[in-house]
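Quick notes on the structure that follows.
The shown structure was predicted, so the numbers you read here are calculated from the model rather than taken from an experiment.
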Amino acid sequence: MFLLRDINPLSLKLLNRIYRESRHHQVRQRAHFLILVSQGVKNENLMKIFQVSYKTMYNWLNRWESEGMLGLYK
């Protein structure tokens, strides 16, 4: 899986903070997902880690691409 838009160091730092500190499980999960995608973790491993379908991962990436950080909360 690839990101159309690279995650810059500042965004990555914010994603890590959201992953550690958000009160919302789904937001933490999506932030963690994006962190792992930026590290090059393969689709099959991501599907096992998060117990989600390929379509769900596609939707998460699509929201990241279109809405950035706000997409984590939808």
Side-chain angles (χ1 to χ4, degrees):
M1 183 170 288
F2 61 92
L3 288 174
L4 298 176
R5 179 172 58 166
D6 286 336
I7 299 177
N8 65 47
L10 185 59
S11 293
L12 195 54
K13 187 175 180 178
L14 184 55
L15 283 171
N16 275 300
R17 184 172 178 190
I18 290 169
Y19 170 55
R20 288 190 321 271
E21 298 178 10
S22 177
R23 288 185 265 173
H24 307 286
H25 171 71
Q26 289 179 327
V27 172
R28 285 193 317 269
Q29 185 178 40
R30 292 172 191 150
H32 189 204
F33 167 77
L34 290 168
I35 292 164
L36 293 178
V37 167
S38 74
Q39 294 172 353
V41 176
K42 296 186 180 200
N43 291 343
E44 296 80 22
N45 293 337
L46 292 168
M47 289 169 63
K48 288 177 187 175
I49 292 168
F50 295 103
Q51 297 291 303
V52 297
S53 68
Y54 183 83
K55 184 174 182 354
T56 298
M57 293 190 315
Y58 173 83
N59 289 337
W60 290 351
L61 271 179
N62 209 20
R63 269 185 266 152
W64 169 255
E65 291 295 331
S66 63
E67 301 175 36
M69 291 293 172
L70 292 177
L72 297 174
Y73 293 89
K74 293 185 176 184

Partner residues of N62 under the side chain to side chain contact (heavy atoms under 4.5 Å, CB included) criterion, sequence neighbours left out = Y58
K13 meets the salt bridge (Lys or Arg N to Asp or Glu O under 4.0 Å) criterion, sequence neighbours left out, with none
Residues in salt bridge (Lys or Arg N to Asp or Glu O under 4.0 Å) with R17, at least two apart?
-> E21
Applying side-chain hydrogen bond (donor to acceptor under 3.5 Å, both in side chains) to N45 and not counting sequence neighbours gives none
Under the side-chain hydrogen bond (donor to acceptor under 3.5 Å, both in side chains) test, which residues partner S11, sequence neighbours left out?
-> N8
dist L61:CG -> T56:OG1 (nearest 0.5 Å) comes out at 11.5 Å
Side chain to side chain contact (heavy atoms under 4.5 Å, CB included) with K48: which residues, sequence neighbours excluded?
-> none
What pair of heavy atoms forms the shortest contact from N43 to M57, and how long is it?
-> O-CE, 3.8 Å
Which distance, rounded to the nearest 0.5 Å, do you find between the CD of Q39 and the CD1 of I7?
-> 9.5 Å
When the side chains of residues 26-36 are checked against the rest of the protein, which donor-acceptor pairs come out under 3.5 Å, sequence neighbours left out?
residue: R28; atom: NH1; partner: S22; partner atom: O; Å: 2.9
residue: R30; atom: NH1; partner: L72; partner atom: O; Å: 2.7
residue: R30; atom: NH1; partner: K74; partner atom: O; Å: 2.8
residue: R30; atom: NH2; partner: K74; partner atom: O; Å: 3.3

How many angstroms lie between atom CG of L46 and atom CZ of F50, to the nearest 0.5 angstrom?
-> 6.0 Å
